[in-house]
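Report on one structure; see the data block that follows.
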Amino acid sequence: MMSAEKQQLEMQHMRQKNEDFFKRREPAIYDFIKDKKLTNSDLKILKKEDGDLELDVFEKGKSRYFNAGRHYSTKECEKFIGQMKPGTLLPPFTHVDSNSFTFQRIGSLHFKKLANELGDIIKPSNQIPLPDFYPLLVIMGVGLGLHISKIIKDKKISSLIIFEHKLDRAITSLYTIDWEEIYSKFDINKGESIQLIFSTEDDFRVHQGSLWNELINYCPHFPFATLFYNHLNDETNSKIINKIQKDTITYLQQWGNYDDEINQYNNARQNLLLGAKIYKPSTFKVNPDMPIAVIGAGPSLDDKIETLKKYQDNILIISCGTTIGTLAKHNIRPHFHVELESDYIVYEAIKKSTTADFRKGITLLASAQVNPRCLALFEKSCIYFKDSTALAQLYVDNDKDIVKNTTPTCTNAGVAIAFQMRPKNLFLFGTDFGFSNKDKHHASGSIYYQDKEDISFVLANANDFEKEVLIKTTSVKGLEMETKPMYFTAQRRVEECIKYSHLAGIKVFNCSDGASIKNSHWIPTEKLNEILMTLNTHASPKSLTREIYNYCQSVNPNSINEKSTILLNTIDSIFNTINRIELAGSELYDISKYIFIVNNIISRHVKLKLGYMHYFLRGQIWIFLTMFFTYSLHCKTKKERQAMCSLCTEWLKQHHIEIITEMKKVLYHTKNLDEDEWINTTVEEEI
């Protein structure tokens with residue numbers, strides 16, 4: 001029987017062993033833990049009545065393990081494994097099938113073919129059965145760490161993330177478990193991984209962000225087969241888990257797909273060849289006293305329109321997307337009009353909701369990939385490069401000239417552009433991100449209210465709530481209100497964009513009566529006029545608009561095909577790398593490891609080496625991996641899995657050939673706008 005003195009000595013040796021290991025294997029963690037002592041807790045060795053030794057940690061004099069650290073950790077781990085046994089149905093997600101692909105372009109049609117063939121092998125459901133291993137386990141909380149040692153001993157785990165938000169709890173484990181032994185269970189070259197995250201700042205947002213930024217590198221294991229183990233039912237960890245699960249909706253809305261990417265590139269290439277001027281925020285500085293109003297098309301805009309009209313000459317007005325139709329109805333001419341989407345319907349929406357006379361004096365500020373016909377509608381126009389696109393990587397040298405947090409809606413782009421200008425006061429109008437009445441989903445004058453016979457099918461059915469599943473969000477008055485998943489994503493992204501507004505010296509006023517926007521101040525209608533009256537600026541919005549436009553310049557047209565060649569060669573090289581990866585077998589664990597390796601190439605290596613360029617390929621690879629993974633988990637026999645493996649690996653090789661063949665046609669053509677079928681059809685139509 002070990003004495004307390006010998007146990008104490010062994011714990012000191014273990015501390016040194018762990019520090020030596022982290023110094024070799026994880027230098028960043030070593031720098032974090034070296035010389036750190038327990039300052040807010042005590043690690044104690046307790047002697048039980050039978051003479052055996054127990055461990056416990058006391059924080060502020062209170063026991064964390066009920067005087068039985070070893071016993072508690074064992075029972076807690078056993079309980080978790082008992083609850084998460086093979087066959088347990090995981091939280092539901094809508095599975096990807098042939099109905100998920102509506103575009104009539106090569107990428108979608110090829111995926112639709114894969115979905116149909118997979119469906120011939122197995123019919124999946126929205127709930128995935130847990131296999132006999134854990135694809136991705138997230139252990140929330142380290143402490144003594146004994147639960148970690150036990151679960152990796154008792155359960156096969158493909159990928160393990162260990163998260164701790166308190167320094168003392170991270171340091172405690174250095175005395176009690178062998179980290180080198182834990183790490184030795186995972187071989188990155190075989191598709192297994194372990195990641196340790198210590199996020200010890202006193203800021204919940206930092207904790208959640210640290211874990212989130214790691215999780216998104218594990219698609220499709222995250223979110224489709226992720227298990228969260230909350231050690232000691234920690235309250236902070238529970239909040240982090242809940243926030244991550246809620247934000248998963250946002251994550252799934254932002255993957256992108258090949259058809260969109262190639263359509264965007266073709267549009268951008270045509271814009272650049274036509275001499276479009278490029279918006280470069282690094283070349284000018286906006287007077288911070290100039291208040292900026294970003295105008296979305298939410299229904300509450302109707303109640304604020306007269307106030308906006310009253311102060312339109314004193315505020316720089318940025319309209320977003322279909323909002324321009326509402327402003328046209330009230331003869332409020334924005335200084336900038338922002339567009340984001342690449343689809344042809346943007347051109348249709350602008351043309352049918354405004355007149356040429358109204359558009360005079362408005363400067364269009366459009367994403368580089370917007371349909372070229374949109375630029376022709378305005379006397380002055382310039383294009384910006386948004387983040388998360390290969391275009392930004394290819395054409396922008398200064399990171400400050402990339403507009404970040406622009407998706408998924410035009411309103412996000414407008415807020416991002418305004419925020420980058422760093423005004424002291426930023427006002428958000430019509431940014432409802434939801435509605436209390438399904439019949440009143442946009443402001444009056446929106447093109448969505450026009451007769452369906454006069455607008456395209458896409459616009460006419462954009463708000464078909466019989467087909468679209470709605471979710472709940474919280475209004476500025478604390479009540480539940482309905483919203484679309486995309487609007488909810490847009491709300492979250494705006495909140496992320498303005499999260500550190502206080503550090504930038506920006507006051508963000510939510511002048512809408514829709515969803516509550518975190519990190520902003522809601523201004524009821526009766527107080528809005530009072531606040532706007534106090535603003536005093538000698539800067540002219542019109543002068544500022546002209547100044548910004550004059551700083552914009554075109555690119556050298558001779559460089560455009562060179563950029564296309566860089567993109568083509570890059571995508572071809574990545575596909576070649578992925579297609580050289582071989583499946584070790586047809587067992588679920590083999591499939592899981594293969595999927596991890598492919599994703600790791602895209603999400604880590606390619607992203608690190610090529611930056612934004614990886615977004616051109618990321619969405620289609622993630623969709624493929626998700627289909628391969630989720631369908632495989634539903635297979636009941638080895639024969640079904642073998643058929644699945646053969647089908648998916650061969651499909652990926654053929655997909656490579658088809659994509660590269662089409663890219664060669666699109667990236668170098670010399671068609672004008674009238675001849676270019678990509679310019680004159682929506683992305684959902686066949687060409």
Side-chain angles (χ1 to χ4, degrees), residues 212 216 243 246-256 260 292-301 318-324 326 337-343 345-346 349 365-367 369-370 384 386-389 403-420 426-436 438 440-443 446-448 458-459 462-463 465 468-476 480-499 501 508-520 522 619:
W212 177 266
I216 59 176
K243 178 71 162 59
K246 193 172 185 180
D247 284 352
T248 299
I249 297 173
T250 301
Y251 170 67
L252 294 173
Q253 291 276 333
Q254 296 175 344
W255 285 13
D260 265 339
I292 299 178
V294 176
I295 320 297
S300 72
L301 179 61
I318 301 175
S319 66
C320 307
T322 59
T323 307
I324 197 169
T326 298
H337 176 63
V338 170
E339 289 292 353
L340 172 69
E341 297 297 333
S342 59
D343 202 280
I345 61 171
V346 175
L365 187 49
S367 64
Q369 59 266 36
V370 79
Y384 62 89
K386 71 184 188 72
D387 60 351
S388 307
T389 64
V403 184
K404 300 179 174 66
N405 296 306
T406 59
T407 56
T409 69
C410 289
T411 300
N412 293 93
V415 172
I417 288 168
F419 194 82
Q420 203 170 22
L426 174 57
F427 298 88
L428 308 180
F429 289 84
T431 52
D432 292 35
F433 301 122
F435 36 82
S436 55
K438 293 179 183 178
K440 183 69 173 173
H441 43 75
H442 281 80
S446 169
I447 193 170
Y448 295 118
V458 175
L459 289 171
N463 298 286
F465 299 121
E468 186 163 8
V469 177
L470 299 179
I471 59 176
K472 302 291 185 181
T473 190
T474 304
S475 75
V476 291
E480 274 195 348
M481 62 186 298
E482 289 186 307
T483 187
K484 296 181 179 184
M486 179 174 282
Y487 291 170
F488 179 77
T489 300
Q491 174 192 337
R492 286 297 209 201
R493 293 279 286 176
V494 164
E495 292 171 347
E496 185 67 23
C497 178
I498 66 175
K499 181 164 62 175
S501 55
V508 182
F509 298 98
N510 179 10
C511 308
S512 309
D513 296 330
S516 175
I517 302 174
K518 293 178 182 177
N519 312 311
S520 70
W522 175 52

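Residue T483 holds its OG1 atom at 6.0 Å from CD1 of I471, rounded to the nearest 0.5 Å. Residue E339 holds its CD atom at 8.5 Å from SG of C320, rounded to the nearest 0.5 Å. Atoms CD1 and CZ, from I292 and F419 in turn, are 11.0 Å apart once rounded to the nearest 0.5 Å. A distance of 11.0 Å separates CG in L301 from NE2 in H442, rounded to the nearest 0.5 Å. With rounding to the nearest 0.5 angstrom, the CD1 atom of I216 is 9.0 Å from the CD atom of Q254. With rounding to the nearest 0.5 Å, the separation of NZ in K243 from CZ in R492 is 4.5 Å.
When all heavy atoms of C511 and F427 are compared, the pair lying nearest together is SG-CD2, 3.7 Å. Scanning both residues, N510 and A515, for their nearest heavy atoms gives ND2-O, 3.5 Å. The two residues S319 and H337 make their nearest non-hydrogen contact at OG-ND1, 2.6 Å. Shown here for A416 and K404, the closest heavy-atom pair between the two residues is CB-O, 3.0 Å. Between C497 and V415, the shortest heavy-atom contact is SG-CG1, 4.2 Å. Closest of all the heavy-atom pairs between P408 and M486 is CG-O, 3.9 Å.
Looking at Y384 and S367, their side chains come closer than 4.5 Å, going by heavy atoms from C-beta outward. A heavy-atom distance below 4.5 Å is found between the side chains of I517 and I498. Proximity of T323 to F429: side-chain heavy atoms (C-beta onward) are nowhere separated by under 4.5 Å. No side-chain heavy atom of T431 sits less than 4.5 Å from a side-chain heavy atom of V494. The closest side-chain heavy-atom distance from T489 to F433 is not below 4.5 Å.
Q369 places no side-chain N or O within donor-acceptor distance of the main-chain N or O of S342, the cut-off being under 3.5 Å. Side chain of N412 to main chain of A490: a donor-acceptor pair is present (N/O by atom type, distance under 3.5 Å, no hydrogens or angles).
Here K499 pairs with E496 in a salt bridge; the nearest charged N to carboxylate O distance falls below 4.0 Å.
Partners of E482 under the side chain to side chain contact (heavy atoms under 4.5 Å, CB included) rule, at least two apart in sequence or in another chain, are F435, K438, L470, K472. For S300, the side chain to side chain contact (heavy atoms under 4.5 Å, CB included) criterion is met by D432, S512, D513, not counting sequence neighbours.
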T409 and L340: CA distance, side-chain angles, deciding distance, side chain to side chain contact (heavy atoms under 4.5 Å, CB included) verdict: CA-CA 7 Å; T409 69; L340 172 69; 5.5 Å; no

Candidate pair T473 and Q491, rule side-chain hydrogen bond (donor to acceptor under 3.5 Å, both in side chains), full reasoning: CA-CA 10 Å; T473 190; Q491 174 192 337; 3.1 Å; yes

